[in-house]
J.: 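Take this structure, written in C-alpha coordinates, and hold onto it; I'll ask about it next.
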Amino acid sequence: MDVSFVQEDRYTFRIPRKGKMRVGAVFFASKRILAHLESEDYASLVQLMNVATLPGVVEPALAMPDIHWGYGFPIGGVAAFDPEAGGVVSPGGVGFDINCGVRLLASGLERRDLEPRKAWLADRLYERVPAGVGSKRRDVKLNRRSLARVLEEGAGWVVRQGWGEPDDLEFIESGGRLEGADPGRVSERAYERGLPQLGTLGSGNHFLEVQYVEQVYDPEAAAAFGLHQDQVTVLIHTGSRGLGHQVCQDHVQKFLQVAPKYGIELVDRQLAAAPIESPEGRAYLGAMAAAANYAFANRQLITHYVREAFEAAGFAPREHALRVVYDLAHNNAKFESHAGRRVLVHRKGATRAFGPGAPDLPPAYASVGQPVLVPGDMGRYSYVLVGTEGAMEKSFGSSCHGAGRVLSRTRSKKQVKGRDLVRELAAAGIELRATSRRTVAEEAPEAYKDVAEVVKVVEGAGIGRRVARLRPLVAVKG
DNA sequence: ATGTTC
(Lines give C-alpha, C1' and ligand atoms only; values in the text may rest on other atoms or scores of the structure.)
Protein backbone atom coordinates (compact mmCIF):
# COMPACT_ATOMS: atom_id res chain seq x y z
CA MET A 1 0.00 0.00 0.00
CA ASP A 2 1.16 3.51 -0.77
CA VAL A 3 1.62 5.75 2.25
CA SER A 4 1.15 9.39 1.33
CA PHE A 5 1.37 11.98 4.06
CA VAL A 6 1.60 15.72 4.51
CA GLN A 7 3.80 17.45 7.03
CA GLU A 8 1.69 19.67 9.29
CA ASP A 9 4.46 21.09 11.44
CA ARG A 10 8.00 20.19 12.35
CA TYR A 11 7.12 16.91 14.08
CA THR A 12 3.54 16.17 12.96
CA PHE A 13 2.59 14.22 9.83
CA ARG A 14 -0.93 13.50 8.58
CA ILE A 15 -2.02 10.64 6.36
CA PRO A 16 -5.27 11.81 4.74
CA ARG A 17 -8.18 9.38 4.58
CA LYS A 18 -8.21 7.26 1.44
CA GLY A 19 -9.38 3.84 0.23
CA LYS A 20 -10.93 1.86 3.07
CA MET A 21 -9.76 4.27 5.75
CA ARG A 22 -12.70 5.68 7.71
CA VAL A 23 -10.61 8.49 9.25
CA GLY A 24 -7.23 10.07 8.70
CA ALA A 25 -4.10 9.15 10.62
CA VAL A 26 -1.43 11.20 12.37
CA PHE A 27 2.08 10.27 13.41
CA PHE A 28 4.84 12.20 15.15
CA ALA A 29 8.42 11.96 13.90
CA SER A 30 11.68 13.82 13.43
CA LYS A 31 13.53 13.87 10.13
CA ARG A 32 15.74 11.03 11.39
CA ILE A 33 12.84 8.89 12.62
CA LEU A 34 10.96 9.49 9.37
CA ALA A 35 13.99 8.40 7.35
CA HIS A 36 14.20 5.23 9.44
CA LEU A 37 10.49 4.50 8.91
CA GLU A 38 10.72 5.05 5.16
CA SER A 39 13.76 2.82 4.71
CA GLU A 40 13.34 0.13 7.40
CA ASP A 41 9.82 0.08 8.79
CA TYR A 42 7.38 1.29 6.14
CA ALA A 43 5.07 -1.56 7.19
CA SER A 44 4.33 0.11 10.52
CA LEU A 45 2.83 3.12 8.70
CA VAL A 46 0.70 0.77 6.61
CA GLN A 47 -0.46 -0.81 9.88
CA LEU A 48 -1.42 2.65 11.13
CA MET A 49 -3.56 3.15 7.99
CA ASN A 50 -5.11 -0.29 8.54
CA VAL A 51 -6.22 0.72 12.04
CA ALA A 52 -8.06 3.67 10.48
CA THR A 53 -10.28 1.22 8.53
CA LEU A 54 -11.89 -0.33 11.63
CA PRO A 55 -15.55 0.40 12.46
CA GLY A 56 -16.27 3.23 14.90
CA VAL A 57 -12.70 4.58 14.89
CA VAL A 58 -12.54 8.22 16.00
CA GLU A 59 -10.46 10.75 14.02
CA PRO A 60 -7.50 10.39 13.96
CA ALA A 61 -5.71 7.05 14.33
CA LEU A 62 -2.36 7.93 15.88
CA ALA A 63 1.21 6.73 16.23
CA MET A 64 3.82 8.00 18.65
CA PRO A 65 7.45 8.61 17.54
CA ASP A 66 8.54 5.20 18.89
CA ILE A 67 6.25 3.49 16.34
CA HIS A 68 7.39 0.13 15.04
CA TRP A 69 5.85 -2.91 13.41
CA GLY A 70 3.63 -5.05 15.66
CA TYR A 71 0.89 -7.69 15.64
CA GLY A 72 -1.91 -6.04 13.60
CA PHE A 73 -1.67 -2.59 15.16
CA PRO A 74 1.72 -0.85 15.22
CA ILE A 75 3.51 -0.63 18.55
CA GLY A 76 3.29 3.03 19.50
CA GLY A 77 -0.30 3.15 18.24
CA VAL A 78 -3.21 5.00 19.84
CA ALA A 79 -6.77 4.55 18.55
CA ALA A 80 -10.10 5.55 20.10
CA PHE A 81 -13.38 3.85 19.25
CA ASP A 82 -16.92 5.11 19.86
CA PRO A 83 -19.18 2.37 21.29
CA GLU A 84 -22.25 4.26 20.08
CA ALA A 85 -20.97 4.33 16.49
CA GLY A 86 -20.38 0.59 16.27
CA GLY A 87 -16.88 0.95 17.66
CA VAL A 88 -14.81 -2.16 18.11
CA VAL A 89 -12.29 -3.54 20.55
CA SER A 90 -9.27 -5.40 19.17
CA PRO A 91 -6.79 -7.52 21.15
CA GLY A 92 -4.15 -6.58 18.56
CA GLY A 93 -4.66 -2.95 19.58
CA VAL A 94 -3.80 -3.77 23.19
CA GLY A 95 -0.94 -6.18 22.62
CA PHE A 96 -0.08 -9.66 23.82
CA ASP A 97 1.39 -8.44 27.09
CA ILE A 98 -1.79 -6.93 28.51
CA ASN A 99 -1.15 -3.91 30.78
CA CYS A 100 2.59 -4.20 30.40
CA GLY A 101 3.93 -1.09 32.06
CA VAL A 102 6.52 0.72 34.10
CA ARG A 103 6.73 1.60 37.79
CA LEU A 104 9.18 4.17 39.15
CA LEU A 105 10.28 4.08 42.79
CA ALA A 106 12.16 6.96 44.39
CA SER A 107 14.50 6.29 47.31
CA GLY A 108 15.91 8.34 50.13
CA LEU A 109 19.42 7.39 48.99
CA GLU A 110 21.91 9.42 47.02
CA ARG A 111 24.15 8.00 44.33
CA ARG A 112 27.21 8.14 46.62
CA ASP A 113 25.38 6.03 49.28
CA LEU A 114 24.79 3.26 46.79
CA GLU A 115 28.00 3.18 44.78
CA PRO A 116 30.04 1.09 47.29
CA ARG A 117 27.26 -1.53 47.60
CA LYS A 118 26.12 -1.55 43.97
CA ALA A 119 27.33 -5.04 43.01
CA TRP A 120 26.07 -6.52 46.27
CA LEU A 121 22.64 -4.95 45.73
CA ALA A 122 22.58 -6.28 42.15
CA ASP A 123 23.03 -9.81 43.51
CA ARG A 124 20.32 -9.36 46.15
CA LEU A 125 17.84 -8.11 43.53
CA TYR A 126 18.70 -10.94 41.16
CA GLU A 127 18.07 -13.48 43.96
CA ARG A 128 14.70 -12.04 44.93
CA VAL A 129 13.11 -11.18 41.58
CA PRO A 130 12.97 -14.22 39.28
CA ALA A 131 13.73 -13.28 35.69
CA GLY A 132 13.71 -15.08 32.37
CA VAL A 133 11.30 -16.98 30.14
CA GLY A 134 8.91 -19.03 32.26
CA SER A 135 10.30 -17.67 35.53
CA LYS A 136 8.33 -18.72 38.63
CA ARG A 137 8.19 -17.98 42.34
CA ARG A 138 8.09 -20.75 44.92
CA ASP A 139 7.57 -18.52 47.96
CA VAL A 140 4.16 -17.08 46.98
CA LYS A 141 1.42 -19.66 47.33
CA LEU A 142 -1.47 -18.72 45.11
CA ASN A 143 -4.39 -21.02 44.44
CA ARG A 144 -7.16 -20.67 41.92
CA ARG A 145 -9.36 -18.75 44.38
CA SER A 146 -6.70 -16.29 45.48
CA LEU A 147 -5.67 -15.75 41.85
CA ALA A 148 -9.29 -14.88 41.00
CA ARG A 149 -9.09 -12.22 43.72
CA VAL A 150 -5.88 -10.86 42.21
CA LEU A 151 -7.70 -10.60 38.88
CA GLU A 152 -10.57 -8.67 40.57
CA GLU A 153 -8.56 -6.48 42.90
CA GLY A 154 -5.18 -5.86 41.26
CA ALA A 155 -2.38 -4.22 43.25
CA GLY A 156 -4.70 -3.70 46.25
CA TRP A 157 -4.85 -7.46 46.87
CA VAL A 158 -1.06 -7.62 47.10
CA VAL A 159 -0.93 -4.67 49.52
CA ARG A 160 -3.63 -6.29 51.71
CA GLN A 161 -1.45 -9.39 52.01
CA GLY A 162 1.12 -7.11 53.64
CA TRP A 163 3.33 -6.78 50.56
CA GLY A 164 3.38 -3.01 50.24
CA GLU A 165 2.00 0.18 51.73
CA PRO A 166 -1.56 1.49 51.30
CA ASP A 167 0.04 4.72 50.00
CA ASP A 168 1.52 2.76 47.08
CA LEU A 169 -1.95 2.38 45.55
CA GLU A 170 -2.56 6.11 45.27
CA PHE A 171 0.34 6.42 42.84
CA ILE A 172 -0.77 3.80 40.32
CA GLU A 173 -2.76 4.60 37.20
CA SER A 174 -6.43 3.79 37.94
CA GLY A 175 -5.43 2.99 41.54
CA GLY A 176 -3.87 -0.28 40.40
CA ARG A 177 -7.22 -1.82 39.49
CA LEU A 178 -9.18 -1.63 36.23
CA GLU A 179 -12.96 -1.66 36.57
CA GLY A 180 -15.00 -4.38 34.92
CA ALA A 181 -12.59 -7.26 35.45
CA ASP A 182 -14.32 -10.59 34.88
CA PRO A 183 -12.17 -13.49 36.14
CA GLY A 184 -14.79 -15.87 34.72
CA ARG A 185 -13.69 -14.87 31.21
CA VAL A 186 -10.10 -15.95 31.86
CA SER A 187 -9.47 -19.48 30.58
CA GLU A 188 -8.24 -22.35 32.73
CA ARG A 189 -5.02 -22.42 30.76
CA ALA A 190 -4.45 -18.72 31.52
CA TYR A 191 -5.01 -19.43 35.24
CA GLU A 192 -2.49 -22.27 35.12
CA ARG A 193 0.11 -20.07 33.50
CA GLY A 194 -0.54 -17.19 35.91
CA LEU A 195 -0.48 -19.20 39.18
CA PRO A 196 3.32 -19.52 39.64
CA GLN A 197 4.33 -16.27 37.89
CA LEU A 198 3.08 -13.45 40.13
CA GLY A 199 6.10 -11.42 41.24
CA THR A 200 8.35 -12.39 38.32
CA LEU A 201 9.98 -10.20 35.71
CA GLY A 202 9.86 -12.27 32.52
CA SER A 203 12.12 -11.80 29.54
CA GLY A 204 12.66 -9.73 26.40
CA ASN A 205 12.65 -5.99 27.01
CA HIS A 206 11.42 -6.42 30.60
CA PHE A 207 13.86 -5.26 33.25
CA LEU A 208 14.50 -4.04 36.74
CA GLU A 209 16.93 -1.13 37.04
CA VAL A 210 18.49 0.85 39.86
CA GLN A 211 19.34 4.32 38.61
CA TYR A 212 20.16 7.84 39.69
CA VAL A 213 18.69 11.16 38.60
CA GLU A 214 21.33 12.45 36.22
CA GLN A 215 19.58 15.61 35.12
CA VAL A 216 16.54 17.63 36.10
CA TYR A 217 14.88 19.65 33.33
CA ASP A 218 11.77 20.89 35.11
CA PRO A 219 12.47 21.58 38.81
CA GLU A 220 8.84 22.33 39.64
CA ALA A 221 7.46 19.08 38.22
CA ALA A 222 10.43 17.13 39.62
CA ALA A 223 9.69 18.52 43.08
CA ALA A 224 6.02 17.55 42.73
CA PHE A 225 7.12 13.99 41.85
CA GLY A 226 9.65 14.00 44.72
CA LEU A 227 12.71 13.72 42.46
CA HIS A 228 16.05 15.53 42.74
CA GLN A 229 19.55 15.42 41.25
CA ASP A 230 21.66 12.34 42.21
CA GLN A 231 18.74 10.59 43.95
CA VAL A 232 18.62 6.81 43.59
CA THR A 233 15.53 5.47 41.79
CA VAL A 234 14.27 2.05 40.71
CA LEU A 235 12.43 1.34 37.47
CA ILE A 236 10.41 -1.87 37.01
CA HIS A 237 9.21 -2.85 33.53
CA THR A 238 7.02 -5.94 33.26
CA GLY A 239 3.48 -7.01 32.51
CA SER A 240 0.93 -9.80 32.87
CA ARG A 241 3.33 -12.66 31.90
CA GLY A 242 1.88 -15.90 30.55
CA LEU A 243 -1.60 -15.10 31.85
CA GLY A 244 -2.05 -11.96 29.73
CA HIS A 245 -0.51 -13.67 26.73
CA GLN A 246 -2.99 -16.54 27.02
CA VAL A 247 -5.95 -14.15 27.40
CA CYS A 248 -4.90 -12.39 24.19
CA GLN A 249 -4.46 -15.65 22.32
CA ASP A 250 -7.84 -17.04 23.47
CA HIS A 251 -9.80 -13.97 22.44
CA VAL A 252 -8.06 -13.37 19.09
CA GLN A 253 -9.09 -16.89 18.20
CA LYS A 254 -12.68 -16.23 19.29
CA PHE A 255 -12.86 -12.89 17.45
CA LEU A 256 -11.69 -14.48 14.21
CA GLN A 257 -14.51 -17.03 14.48
CA VAL A 258 -17.21 -14.39 15.00
CA ALA A 259 -15.90 -11.69 12.63
CA PRO A 260 -18.24 -12.71 9.76
CA LYS A 261 -21.26 -12.53 12.10
CA TYR A 262 -20.62 -8.83 12.70
CA GLY A 263 -19.73 -8.05 9.09
CA ILE A 264 -16.37 -6.57 10.08
CA GLU A 265 -14.13 -6.46 7.04
CA LEU A 266 -10.53 -7.00 8.09
CA VAL A 267 -7.79 -5.76 5.76
CA ASP A 268 -5.43 -7.82 7.97
CA ARG A 269 -6.50 -10.88 9.99
CA GLN A 270 -4.36 -9.64 12.86
CA LEU A 271 -6.77 -6.73 13.31
CA ALA A 272 -9.36 -9.25 14.62
CA ALA A 273 -12.01 -7.15 16.34
CA ALA A 274 -15.54 -7.35 17.76
CA PRO A 275 -18.03 -4.59 18.60
CA ILE A 276 -17.49 -3.14 22.09
CA GLU A 277 -21.20 -3.71 22.67
CA SER A 278 -21.24 -7.42 21.79
CA PRO A 279 -20.99 -10.53 23.99
CA GLU A 280 -17.55 -11.32 22.58
CA GLY A 281 -16.34 -7.72 22.91
CA ARG A 282 -17.52 -7.54 26.51
CA ALA A 283 -15.95 -10.92 27.29
CA TYR A 284 -12.58 -9.75 26.01
CA LEU A 285 -12.82 -6.45 27.91
CA GLY A 286 -13.63 -8.36 31.13
CA ALA A 287 -10.72 -10.75 30.63
CA MET A 288 -8.41 -7.91 29.55
CA ALA A 289 -9.19 -5.94 32.73
CA ALA A 290 -8.53 -9.10 34.79
CA ALA A 291 -5.15 -9.56 33.09
CA ALA A 292 -4.44 -5.83 33.60
CA ASN A 293 -5.05 -6.29 37.32
CA TYR A 294 -2.60 -9.21 37.32
CA ALA A 295 0.02 -6.90 35.78
CA PHE A 296 -0.59 -4.19 38.41
CA ALA A 297 -0.34 -6.87 41.12
CA ASN A 298 2.86 -8.22 39.55
CA ARG A 299 4.59 -4.83 39.69
CA GLN A 300 3.35 -4.38 43.27
CA LEU A 301 4.75 -7.74 44.41
CA ILE A 302 8.07 -7.06 42.68
CA THR A 303 8.18 -3.74 44.57
CA HIS A 304 7.93 -5.69 47.83
CA TYR A 305 10.90 -7.86 46.87
CA VAL A 306 12.88 -4.81 45.72
CA ARG A 307 12.40 -3.30 49.18
CA GLU A 308 13.55 -6.60 50.71
CA ALA A 309 16.63 -6.63 48.48
CA PHE A 310 17.61 -3.11 49.58
CA GLU A 311 17.26 -4.25 53.19
CA ALA A 312 19.40 -7.33 52.51
CA ALA A 313 21.98 -4.99 50.99
CA GLY A 314 22.17 -3.16 54.31
CA PHE A 315 19.78 -0.24 53.82
CA ALA A 316 17.19 -0.01 56.60
CA PRO A 317 13.62 0.75 55.48
CA ARG A 318 13.86 4.28 56.87
CA GLU A 319 17.06 4.76 54.91
CA HIS A 320 16.03 3.38 51.50
CA ALA A 321 12.51 4.82 51.95
CA LEU A 322 11.39 3.36 48.60
CA ARG A 323 8.18 5.05 47.56
CA VAL A 324 6.08 4.70 44.41
CA VAL A 325 6.38 7.77 42.17
CA TYR A 326 4.00 6.32 39.59
CA ASP A 327 2.99 3.10 37.86
CA LEU A 328 1.56 3.32 34.39
CA ALA A 329 0.67 0.91 31.67
CA HIS A 330 1.40 1.07 27.97
CA ASN A 331 -0.70 -1.86 26.65
CA ASN A 332 -4.41 -1.57 27.32
CA ALA A 333 -7.82 -0.28 26.27
CA LYS A 334 -9.68 2.10 28.59
CA PHE A 335 -12.93 4.01 28.54
CA GLU A 336 -12.18 7.72 28.76
CA SER A 337 -13.90 10.98 27.93
CA HIS A 338 -12.35 12.99 25.09
CA ALA A 339 -13.95 16.06 23.50
CA GLY A 340 -17.15 15.23 25.36
CA ARG A 341 -17.40 11.70 24.00
CA ARG A 342 -16.97 8.45 25.93
CA VAL A 343 -14.54 6.41 23.85
CA LEU A 344 -12.50 3.25 24.25
CA VAL A 345 -8.86 4.30 23.87
CA HIS A 346 -6.49 1.54 22.78
CA ARG A 347 -2.88 2.23 23.68
CA LYS A 348 -0.38 -0.29 22.43
CA GLY A 349 3.16 0.65 23.28
CA ALA A 350 1.85 4.09 24.15
CA THR A 351 1.27 5.61 27.57
CA ARG A 352 -1.44 7.71 29.05
CA ALA A 353 -0.09 11.26 29.44
CA PHE A 354 -2.87 13.23 31.15
CA GLY A 355 -2.20 16.91 31.67
CA PRO A 356 -2.95 19.24 34.61
CA GLY A 357 -6.46 18.93 36.03
CA ALA A 358 -7.27 15.66 34.26
CA PRO A 359 -9.23 12.95 36.08
CA ASP A 360 -7.56 10.05 37.96
CA LEU A 361 -4.45 11.98 39.03
CA PRO A 362 -3.25 11.75 42.64
CA PRO A 363 -3.89 15.10 44.42
CA ALA A 364 -0.13 15.72 44.67
CA TYR A 365 0.15 15.68 40.86
CA ALA A 366 -3.21 17.24 39.92
CA SER A 367 -1.86 20.71 39.17
CA VAL A 368 1.27 19.59 37.29
CA GLY A 369 0.02 16.58 35.29
CA GLN A 370 0.80 12.88 35.49
CA PRO A 371 4.29 11.42 35.34
CA VAL A 372 5.05 9.71 32.04
CA LEU A 373 7.80 7.09 32.33
CA VAL A 374 9.84 6.46 29.19
CA PRO A 375 12.45 3.72 29.47
CA GLY A 376 15.38 3.85 27.09
CA ASP A 377 17.94 1.07 26.84
CA MET A 378 20.07 -0.50 29.57
CA GLY A 379 23.28 1.29 28.55
CA ARG A 380 22.02 4.84 28.21
CA TYR A 381 19.14 6.45 30.08
CA SER A 382 15.40 6.70 30.68
CA TYR A 383 13.19 9.76 30.98
CA VAL A 384 10.51 11.04 33.27
CA LEU A 385 8.11 13.33 31.42
CA VAL A 386 4.91 15.04 32.47
CA GLY A 387 1.57 14.95 30.63
CA THR A 388 0.38 18.15 28.94
CA GLU A 389 -2.72 19.95 27.67
CA GLY A 390 -1.32 19.33 24.21
CA ALA A 391 -1.62 15.58 24.71
CA MET A 392 -5.25 16.02 25.78
CA GLU A 393 -5.94 17.99 22.59
CA LYS A 394 -3.88 16.05 20.05
CA SER A 395 -3.40 12.44 21.12
CA PHE A 396 -6.30 11.38 23.39
CA GLY A 397 -4.02 12.14 26.35
CA SER A 398 -1.22 9.87 25.16
CA SER A 399 2.51 9.89 24.63
CA CYS A 400 5.38 7.56 23.75
CA HIS A 401 6.43 4.54 25.81
CA GLY A 402 10.09 3.96 25.01
CA ALA A 403 12.88 4.02 22.51
CA GLY A 404 11.71 1.47 19.98
CA ARG A 405 14.06 -0.97 18.29
CA VAL A 406 16.31 -0.13 15.35
CA LEU A 407 17.73 -3.66 15.03
CA SER A 408 15.66 -6.83 14.98
CA ARG A 409 16.47 -9.37 17.69
CA THR A 410 18.27 -11.51 15.10
CA ARG A 411 20.34 -8.63 13.74
CA SER A 412 21.23 -7.46 17.21
CA LYS A 413 22.47 -10.95 18.18
CA LYS A 414 24.63 -11.06 15.06
CA GLN A 415 26.06 -7.62 15.67
CA VAL A 416 27.16 -8.27 19.27
CA LYS A 417 28.45 -11.78 18.67
CA GLY A 418 31.76 -12.40 20.46
CA ARG A 419 31.45 -9.34 22.67
CA ASP A 420 31.07 -9.48 26.45
CA LEU A 421 28.28 -6.97 27.08
CA VAL A 422 28.25 -7.68 30.82
CA ARG A 423 31.88 -6.57 31.02
CA GLU A 424 31.35 -3.60 28.71
CA LEU A 425 28.47 -2.37 30.84
CA ALA A 426 30.42 -2.97 34.08
CA ALA A 427 33.21 -0.81 32.68
CA ALA A 428 30.59 1.89 32.09
CA GLY A 429 29.46 1.63 35.72
CA ILE A 430 26.40 -0.59 35.15
CA GLU A 431 26.11 -3.91 37.01
CA LEU A 432 24.10 -6.28 34.81
CA ARG A 433 22.64 -9.55 36.06
CA ALA A 434 20.82 -11.65 33.46
CA THR A 435 19.61 -15.22 33.08
CA SER A 436 20.30 -15.49 29.37
CA ARG A 437 23.19 -14.37 27.21
CA ARG A 438 20.86 -14.43 24.25
CA THR A 439 18.49 -11.91 25.84
CA VAL A 440 21.42 -9.65 26.69
CA ALA A 441 22.55 -9.75 23.03
CA GLU A 442 19.01 -9.02 21.83
CA GLU A 443 18.72 -6.13 24.25
CA ALA A 444 22.07 -4.49 23.51
CA PRO A 445 21.91 -0.69 23.74
CA GLU A 446 22.59 -0.31 20.00
CA ALA A 447 19.49 -2.41 19.20
CA TYR A 448 17.43 0.59 20.33
CA LYS A 449 16.89 4.10 19.02
CA ASP A 450 18.31 6.82 21.20
CA VAL A 451 15.31 7.52 23.42
CA ALA A 452 16.43 11.17 23.62
CA GLU A 453 15.42 11.49 19.94
CA VAL A 454 11.94 10.09 20.66
CA VAL A 455 11.52 12.39 23.65
CA LYS A 456 12.64 15.41 21.60
CA VAL A 457 9.77 14.72 19.17
CA VAL A 458 7.26 14.24 21.99
CA GLU A 459 8.26 17.57 23.51
CA GLY A 460 8.39 19.32 20.14
CA ALA A 461 4.92 18.05 19.26
CA GLY A 462 3.65 19.25 22.65
CA ILE A 463 2.37 15.88 23.87
CA GLY A 464 4.76 15.65 26.84
CA ARG A 465 7.47 17.66 28.60
CA ARG A 466 10.81 16.52 29.97
CA VAL A 467 11.18 16.46 33.76
CA ALA A 468 14.25 14.32 34.48
CA ARG A 469 16.72 11.86 32.98
CA LEU A 470 17.70 8.66 34.82
CA ARG A 471 21.03 6.83 34.38
CA PRO A 472 21.28 3.10 35.17
CA LEU A 473 23.57 1.71 37.90
CA VAL A 474 22.19 -1.84 38.14
CA ALA A 475 20.14 -3.81 35.60
CA VAL A 476 18.39 -7.17 36.04
CA LYS A 477 17.22 -8.85 32.82
CA GLY A 478 15.51 -12.10 31.85
C1' DA B 1 5.82 -10.20 24.67
C1' DT B 2 5.33 -15.74 25.08
C1' DG B 3 6.01 -22.80 28.95
C1' DT B 4 10.27 -18.05 22.31
C1' DT B 5 6.31 -23.86 17.04
C1' DC B 6 -0.85 -25.84 21.09
Side-chain angles (χ1 to χ4, degrees), chain A residues 44 47 66-77 90-103 129-138 142 147 186-208 236-254 256-257 270 272 284 287-288 291-292 294-296 298-299 302 328-333 346-351 375 377-378 401-405 407-414 434-443 447-448 476-478:
Chain A
S44 66
Q47 288 189 316
D66 48 340
I67 179 175
H68 52 287
W69 187 89
Y71 180 89
F73 287 49
I75 296 159
S90 172
V94 169
F96 269 81
D97 190 2
I98 294 166
N99 219 38
C100 183
V102 205
R103 172 181 290 213
V129 183
V133 176
S135 46
K136 295 177 184 180
R137 289 207 85 95
R138 294 173 209 290
L142 282 181
L147 179 51
V186 174
S187 68
E188 286 308 315
R189 185 183 281 189
Y191 272 88
E192 277 169 33
R193 293 179 70 173
L195 274 171
Q197 292 192 326
L198 198 69
T200 66
L201 202 55
S203 180
N205 64 0
H206 289 165
F207 65 78
L208 166 58
I236 300 162
H237 178 200
T238 187
S240 49
R241 311 284 289 104
L243 183 139
H245 191 270
Q246 190 63 46
V247 165
C248 182
Q249 208 174 295
D250 293 339
H251 290 264
V252 163
Q253 199 177 11
K254 183 73 185 166
L256 283 172
Q257 285 169 11
Q270 293 185 354
Y284 170 68
M288 184 210 68
Y294 184 96
F296 282 136
N298 192 28
R299 293 193 286 276
I302 289 174
L328 83 164
H330 47 235
N331 277 8
N332 61 25
H346 293 62
R347 295 190 181 91
K348 179 191 192 176
T351 58
D377 60 79
M378 59 187 174
H401 89 305
R405 296 192 85 90
L407 299 179
S408 69
R409 288 166 196 266
T410 314
R411 271 181 64 188
S412 182
K413 269 182 286 191
K414 233 176 238 174
T435 58
S436 148
R437 282 184 67 90
R438 187 203 292 190
T439 303
V440 172
E442 289 173 353
E443 292 293 309
Y448 285 89
V476 176
K477 295 283 297 179

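Since the model is a prediction, treat every value here as computed from it, not as a measurement. Residue numbers begin at 1 in each chain, while the letters A, B, ... track the order of the sequences.
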J.: Nearest whole Å is fine: how far is B/dT2 P from A/Asn99 CG?
T.: 14 Å
J.: Using a heavy-atom cut-off of 4.0 Å across all strands, would you classify A/Gln197 as base, sugar-phosphate, or nothing?
T.: sugar-phosphate
J.: What contact category does A/Ser240 fall into here, base, sugar-phosphate, or nothing, at under 4.0 angstrom with non-hydrogen atoms?
T.: nothing
J.: Using the closest heavy atom to pick a nucleotide of DNA chain B for each, name whichever of A/Gln249 or A/Asp97 lands nearer the 5' end.
T.: A/Asp97
J.: In whole angstrom, what separates A/Arg438's CZ from B/dT2's P?
T.: 14 Å
J.: In whole Å, what is the span from the CD atom of A/Gln246 to the C1' atom of B/dT4?
T.: 14 Å
J.: Between A/His237 and A/His401, is the ring centroid distance below 6.0 Å?
T.: no
J.: If you compare every side-chain N and O of A/Arg189 against the phosphate oxygens of B/dC6 (OP1, OP2), does one of them come in below 4.0 Å?
T.: no
J.: Compare every heavy atom of A/Ala447 with every heavy atom of A/Glu442, then report the nearest pair and how far apart it is.
T.: O-CB, 3.7 Å
J.: Rounded to the Å, how far apart are A/Glu443 CD and B/dT2 P?
T.: 11 Å
J.: With A/Arg241 as reference, evaluate A/Asp97, A/Thr200, A/Asn298 under the side-chain hydrogen bond (donor to acceptor under 3.5 Å, both in side chains) test and give the passing residue.
T.: A/Thr200
J.: Once you round it to whole Å, what is the distance between P of B/dT2 and CD of A/Glu442?
T.: 12 Å
J.: For A/Arg409 and B/dT4, give me the distance from atom CZ to atom C1', rounded to whole Å.
T.: 9 Å
J.: What is the distance, to the nearest angstrom, from the NZ atom on A/Lys413 to the P atom on B/dT4?
T.: 14 Å
J.: Specify the closest pair of heavy atoms between A/Ala190 and A/Leu243, including all atoms of both residues, with the distance to one decimal.
T.: O-CD1, 3.5 Å
J.: Between A/Lys136 (NZ) and B/dT2 (P), how many Å, whole number?
T.: 14 Å
